[in-house]
Every structure is written in C-alpha cells, then in structure tokens.
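Structure, as structure tokens:
Letters go in sequence order (proteins before strands), and every chain restarts at 1.
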Number of protein chains: 2
Amino acid sequence: MVTIDDVAELAGLSKSTVSRVINHYPHVSPAKKKKVYEAMEELGYVPNSSARSLRNKRTRMIAVIVPRLMNPFFGQLVESIEVAANQHGFQLLICQTMYSEETELGHLELLKTKQVDGIILASLENKWETITEYLSYGPLIMCNEFDVNAEVPIVKLDQIHGGYIATKHLIRQGHRRIAYCCGGFKSMVAHHRKIGFNKALKEHGLTFDERYGFYQAYTIENGMEVFKQIHEMKDPPTAVFTGSDEVAAGIITGAKEYGVHVPNELAVIGFDNQVISKITDPKISTVEQPIQMMAQKSVNVIVEKIKSQEQPRKERYELPLELIIRESTVGGPLRAVE
Amino acid sequence: MVTIDDVAELAGLSKSTVSRVINHYPHVSPAKKKKVYEAMEELGYVPNSSARSLRNKRTRMIAVIVPRLMNPFFGQLVESIEVAANQHGFQLLICQTMYSEETELGHLELLKTKQVDGIILASLENKWETITEYLSYGPLIMCNEFDVNAEVPIVKLDQIHGGYIATKHLIRQGHRRIAYCCGGFKSMVAHHRKIGFNKALKEHGLTFDERYGFYQAYTIENGMEVFKQIHEMKDPPTAVFTGSDEVAAGIITGAKEYGVHVPNELAVIGFDNQVISKITDPKISTVEQPIQMMAQKSVNVIVEKIKSQEQPRKERYELPLELIIRESTVGGPLRAVE
DNA sequence: TGATTTTTTGAAAACGTTTTCAATAACTTG
DNA sequence: CAAGTTATTGAAAACGTTTTCAAAAAATCA
C-alpha cells in the first residue's frame, strides 16, 4: 500500500506538506504543490480512509435504518437518501431491521462504535425509551416513522391529514360503511392515519364498526384474504381504506375473482401512489407521499446536525400528502350527497 | 469518548491486556478478565471502529454497486445481500450508479481508499477495461451483470436459457411472429437473453423481423408506448417477449385500452416474477430469477475472497431460471402444434 | 531441586493520517 | 535598513486500536 510517507519521500518533502496539499490548505508554495501532485500521480496515491476517520473523528458515512428494502416505499426512500447523501459527500450504510427489535438495536451500535457520523432512523421496532440510550453517542433523527415525544428532529408526513382526505373522499362518494385495513399495530404512522380516518368519520356523524377493522394487512395476499372476509359479511362495507397500494391491489384482485365490481359494489383506496396503483384494473385511487422530498430533508437535517456538532433537539418537519383520484373509488353505491 | 486506556486504568491493567480480553485471546487469567469486563461495563466502553480498521487493515464493510434501488429487482437483490452480509459480520454500503459511468467509477474508489474490504458489482456502466484498473486495490466480484472475459468471479443467472425457455414457450403456444422488447443496449444480461431468444427461433426455423425489435423499454409507460407501436403495424406480432414484468404490464395495460385481448390477440411474457405479475389482468407469465440465491452466493464468494486474501481469478457461478406460466400467454391465435 | 517450558502481563511500536508547534524564509512597512 | 508581519516548511505528537517483544511468574519435567 502506498502511503503519504511514500509520496513525501518521492516529492522530497515532509508528509505535513503533502497532507496540506491533499486538504487544500493555504500557504503551500506552487512549486512544492506541483511536486506533491506529481508524486501522488506517479504512485497512484489515495489517502487511507480509516486513518483519516481516526484522526478527524468523522467517517463521512451515515446509516439509514429501515424495516426492509423489498417494500417499495422504503426502496424509494433509500434510493433518494443515497443520492442526497452523496451530494453532501457522505456514503450510505444500509441497515434493515427485518422487523426485529434486536436487529434494530444492533444497527444502532454503529453510532457507539463511531462507524457512522449519524443515523437516519426510518423504523421503530423498539420502544422510544430504548432508543434514547443511544442518543448521546451521536446525532440521530427520525424519518417517516416517529414517536411523538422523541427529543430529536423528525422529518415526517402528515399522516393524520392523509387518513383524513382519503376517508373524506370516500364519504363524499356516498359511502357510510367504510372498512379500515392497515398493517401493523406498533407504527405511529398507521396510528395517525387511523386518527385522520376517525376524524373524517366523526365530522360526518358516522361511527366505526369494529368488525370492519383489519390491522394485519401488508401484502397483496393479505388484501385478497381481507376481501374474502369482507365478502362473507352479511352487511359488508361499501368502501375500504387501505394502508398500502399493495393491499388495495389484493382486495381488487380478490373482488375480481368473486365477481364483485370495483368501485360500484366496493370502493377501494390505496396509499403511496406506487406504480402498482396505475396497473390494476380499475386503477387505484391513492394518497401520494412526497418520498423524495422527505429523503432530501432528512439528509439535510442529519448533515447539519453532524456539522454543527450540537446535540440534536426536538424539531418537527411535516410534509403534505396529496389525494390522487383514479378509478377504484369514483362511482359508488350512492351518488354523493355531501 | 471512552477509550481502551480508560478501561485499562479503571481495571488497573495495561491496555494490551484489555485488548486481549476484547479479542478473546487465550492466556488471560480469569481474575483479570473479569476485572476488564467490569470496567468496560461500568464505563460503557465500545471499541472505536476507525482505529480497529486502521490497525487491522480491514473495515468489515462491503459495498454493493447497483443501477438504482427503485427497480424492484435490485431492491430485492440488495435486501438479500444486506441480510447475508450481516450474517457474515459485514456491514453493507450501498452505491447507486443511476446509470452514470462517472458515478460508477466514483464508487469504485471505495476500494482504493480502503473504505470497504470488497465490492459486489451488480452494474456495468463502464467498459470492463476501465474497471480492470481497480482490481489490484482489493477483491471485486460481479453479480448478475457481467462481462464474459472479466478475470474475476461472476455470480450470474443463465440468461441465455431464460430467453430460450420463454421464447420456446411462446412458440409452443403457436406463435410465429414474436416481438422482442427489452431495456438497454450495454447490458450483457439483455444480450444473453436475446441469444436465447434467437436460439429458440432458429430451432423452429423462424427468422426475426427487425421491425419487431424494441430496445429501449424499461418502464410501464415504455410498455404502453411499445404496445401502441405494435398496434399500428399492419402485420403485427402475435406475441411479445419482454425484459421485465413492468414492461409486460405496460403492454397489457395498453392492450386493454385499445380493446386488444391478451393473450388471444397478443400474448405477452414478462421477466422477473415480480409481484406486479400477479396483479395485472391477465396475470403475467414470466421467468423467475433466484435473486436470493444469487445474493447469498455473491456474499459467500466475496467474503471468501476477502478472508483468503488471494487475488480473485476468473470463476463462474451460474444459477438456473424457471418459467412460470400464468394467463398472459396461454391460449393464442393458433393452438400449439409442436 | 534445578532446568525447562508455558502462561501471563506490560511497554512500546505500529497502522496512516492531521495538527500543533516552532523555526526559518520571505515579504512589508516606516 | 531594522523591525515587524506573514508565508512556508518539517518534526513530532496525536487519534485509538492491535501486535510484537521481552520479562516475570507459574507450571511441568527429569
């Protein structure tokens, strides 16, 4: 391995001078600077990053912790985070929890070992109190997922509003019996959507029938299963709010199999505006999430915390969601009377 | 920051001894071992990974270079690679080329700076000769994408066979005018599929009509566009081979819009067996790629190269592809006569 | 028992950088 | 021209580990 000493020797200078050239310090004479560059070129010298990290106490790496990449929402999120991080001169370490508490904690150790300069936490398998213990070891922010009381910056989407506008849209289409179908209990994201859902119901004097609640739906297959359960009810809902386009697609696929017309007999609304929502027949009405914006903001915030060296405090950044109306909800059992 | 010296002092021992305990060396008396553990516990000591990397000349990190994560194929690939890498005690750095040559080269610098112990290259924007220059800086293997002459280990799928079985299936269904629709010129993956495609045609005495060739199709939208072009032909193909389920889905969506029946008027076969292929109506016949297996093998190979320290040489690992027949190809214009 | 081997320990060097400190050289300024 | 700045450079220390080397202690052997 060629080191700075080799460069110094070839250039006939001290390694201090070489280092100054590498780091673009002032006060190096043009002649020597040229010599250093020539020597580096000739030897093909590249500074060793472990040595730099040790000395500088920064690794120029950040980690992002997500449940898993196959979920297209997180795929997109991580894609955008990587690009943004690179623009700031940071490398991105990817950590998946696979929905395991222990794995999540394992990844947080990266902060203790100083392997990364900061962490973007986009999952929350553990209780927030458990995460708290890691905060003193380096900057951590949350992205998308969150705990309301967490004393760190949080970049999130307005999920309450998302649940609200989607449900409101269903109600406007004339629906009164609306099912709620999402994935996960622990997630505050799901919880906030439910709050928005309830808010819309309440505004229109509707009450939620708990038989219409499905809280374990993640995949297309789950969606198909949910449809079957709905289909067997004697007074089934006329519309269903889902927590993801995949689940919505599953419900639509199930409906098709059983000859139930969407949206006329059952309206379905998705969440995420994934490609899949444009492919099904009918196309899925959904709620668009500004994933890229959230990614960029998250990177901006974590990078600022890293540079400023200050202990991150409670900050909130909330981005808007947008209703996208396609075919799976327009035209319902009753034409809308507001 | 609490260092090994702090632990040594509190334990009343030298840092050599502490280091030995940390690294589970033999020849440390149980009494002192206990003292060290107590001191570490009390101080909350965690070894600094930059220092370890510098001293040990290994970072326990590998990088994976892919075009982009939003492509669900790469999302799945990286997901599986991360899990496998973790099992081997490695962290995963994610690098996207976004189809840029320069960005790809930038990522390869990680090997020079010793920021990672090895690289899994699953993209190939540059010419192989360009990549060659990086090989002396550390182990690199290719995964999925490849160059036939590359003197490194390659873990790939049998794309020739994939193109062959898919096309053979279409021919068996009675098709004679078959379009070819894929993404990218540079990719050897696409090239090999075309070889398999041609082989199947040739076996049945068919020749390929270049008007039926589309080489820029990546997305659903591209697929829809391709359908339009096919639709306007005066003697259109009766079947189309596509390089991805997304493109196939786009073609099916386009066909539906124009009232063309799939598969009766146009058979479509996809590639990848992504979720999307189970959602469209009709469901898409496709070729299943053993992504997880490829990921695990890649990690095994790169880890072995890292551990053995030996210069990687030309090795080939080829995994099989499997035809999955669904609805988008069964029943064609002519019932099959072999 | 004395000689030999093995176990246990610590001091110091090493990994490859950056930074501090001090010294010298080269300018300014009056 | 002398005094005071400023620019340029190198030696050495520092970052936090692991490893080498040697010494001391303990165990084994004949």
Side-chain angles (χ1 to χ4, degrees), chain A residues 1-37 39-40 43-61 109-117 137-138 309, chain B residues 1-37 39-40 43-61 109-117 137-138 309:
Chain A
M1 184 186 205
V2 32
T3 74
I4 199 172
D5 288 295
D6 301 325
V7 177
E9 191 180 340
L10 181 61
L13 295 164
S14 76
K15 56 181 174 180
S16 321
T17 304
V18 177
S19 175
R20 279 188 272 260
V21 172
I22 293 168
N23 296 287
H24 305 103
Y25 278 36
H27 309 320
V28 179
S29 72
K32 316 241 155 145
K33 198 179 281 187
K34 180 152 171 277
K35 274 192 175 176
V36 169
Y37 278 125
M40 291 202 299
L43 295 172
Y45 169 75
V46 176
N48 177 289
S49 50
S50 298
R52 289 189 125 176
S53 296
L54 175 59
R55 182 60 227 217
N56 291 330
K57 293 177 169 306
R58 53 178 181 65
T59 61
R60 294 216 146 282
M61 276 195 279
E109 293 285 322
L110 291 170
L111 219 45
K112 286 194 182 176
T113 61
K114 297 286 172 207
Q115 198 165 357
V116 298
D117 294 339
Y137 294 98
Q309 306 266 33
Chain B
M1 182 186 205
V2 33
T3 74
I4 199 172
D5 289 296
D6 301 325
V7 177
E9 193 181 340
L10 181 60
L13 296 163
S14 76
K15 56 181 174 180
S16 321
T17 304
V18 177
S19 176
R20 280 188 270 259
V21 172
I22 293 168
N23 297 288
H24 306 103
Y25 277 38
H27 308 320
V28 179
S29 72
K32 316 242 154 143
K33 198 179 281 189
K34 181 154 171 274
K35 273 192 177 177
V36 169
Y37 278 125
M40 292 202 298
L43 295 171
Y45 169 75
V46 176
N48 177 290
S49 50
S50 298
R52 289 189 123 175
S53 297
L54 175 59
R55 182 60 225 218
N56 291 331
K57 293 177 169 307
R58 56 178 178 66
T59 61
R60 295 216 145 280
M61 275 194 282
E109 292 285 322
L110 291 171
L111 220 45
K112 286 194 182 176
T113 62
K114 298 287 173 205
Q115 198 165 357
V116 298
D117 294 339
Y137 295 98
Q309 306 266 33

field: Residue pair A:Thr3 / A:Tyr45: nearest heavy atoms and the distance that separates them
entry: C-CE1, 3.5 Å
- request: Report the nucleotide, chosen from D:dT18, C:dG16, D:dA11, that has the shortest atom-to-atom distance to any side-chain atom of B:Lys57.
  value: C:dG16
message: If the cut-off is 4.0 Å, is B:Ser14 near the phosphate of C:dG10, judged by side-chain N/O to OP1 or OP2?
response: yes
- prompt: Taking everything shown except A:Lys114 itself, do over 12 heavy atoms lie less than 6.0 Å from its NZ?
  reply: yes
field: NZ (A:Lys112) with more than 12 external heavy atoms under 6.0 Å
entry: yes
Per B:His27 side chain, nearest of listed nucleotides D:dT18, D:dT9, C:dT7: C:dT7
- prompt: Hey, is the side chain of A:Tyr45 poking within less than 4.0 Å of OP1 or OP2 on C:dT17, counting only N and O atoms?
  reply: yes
message: Go nucleotide by nucleotide along DNA chain C from the 5' end; which of A:Tyr25 and A:Met1 gets its closest nucleotide reached first?
response: A:Met1
query: So, for B:Asp117 and B:Arg60, which heavy atoms are closest and what is the spacing to 0.1 Å?
result: OD2-N, 2.7 Å
- prompt: Think A:Asn48 has a side-chain N or O under 4.0 angstrom from the OP1 or OP2 of C:dC15?
  reply: no
- prompt: With a 4.0 Å cut-off on heavy atoms, is A:Val46 in touch with a base, just the backbone sugar-phosphate, or nothing at all?
  reply: sugar-phosphate
- prompt: OP1 or OP2 of C:dT9 less than 4.0 angstrom from a side-chain nitrogen or oxygen of B:Lys32, does that happen here?
  reply: yes
query: Think A:Arg52 has a side-chain N or O under 4.0 angstrom from the OP1 or OP2 of C:dT18?
result: yes
message: Nearest whole Å is fine: how far is D:dT19 C1' from B:Arg20 CZ?
response: 9 Å
- prompt: Is the shortest side-chain N/O distance from B:Thr17 to OP1 or OP2 of C:dT9 below 4.0 Å?
  reply: no
query: Do any side-chain nitrogens or oxygens of A:Ser29 fall under 4.0 Å of OP1 or OP2 in D:dT9?
result: yes
Gap between atoms CD1 and P, on B:Ile4 and D:dA14 respectively (whole Å): 18 Å
message: Counting only side-chain heavy atoms from C-beta out, which of C:dT9, D:dT17, D:dT19 sits nearest to B:Thr3?
response: D:dT17
field: Options C:dT9, D:dC15, C:dC15, nucleotide nearest the side-chain atoms of B:Val28
entry: C:dT9
- request: Using atom CG of A:Leu54 as one end and atom P of D:dG16 as the other, report the distance to the nearest whole Å.
  value: 7 Å
Atom-pair distance (CG on B:Asn56; C1' on C:dA14), nearest Å: 12 Å
message: Can you see if the side chain of A:Ser50 gets near the phosphate of C:dT17 - specifically, an N or O under 4.0 Å from OP1 or OP2?
response: no
- prompt: With a 4.0 Å cut-off on heavy atoms, is B:Val7 in touch with a base, just the backbone sugar-phosphate, or nothing at all?
  reply: nothing
- prompt: Between C:dG10 atom P and B:Asp5 atom CG, what is the distance in whole Å?
  reply: 13 Å
task: Rounded to the nearest angstrom, tell me the gap between atom CD1 in A:Ile22 and atom C1' in C:dG16.
output: 10 Å
field: Nearest heavy atoms of B:Lys15 and B:Asp5, plus distance in Å
entry: CD-OD1, 3.3 Å
statement: Note: A:Thr59 and A:Val116 closest approach over all heavy atoms is OG1-CA, 3.5 Å
Between D:dT8 (P) and A:Lys34 (NZ): distance, integer Å: 17 Å
message: Could you tell me how far apart B:Lys15 (NZ) and D:dG16 (C1') are, to the nearest whole angstrom?
response: 7 Å
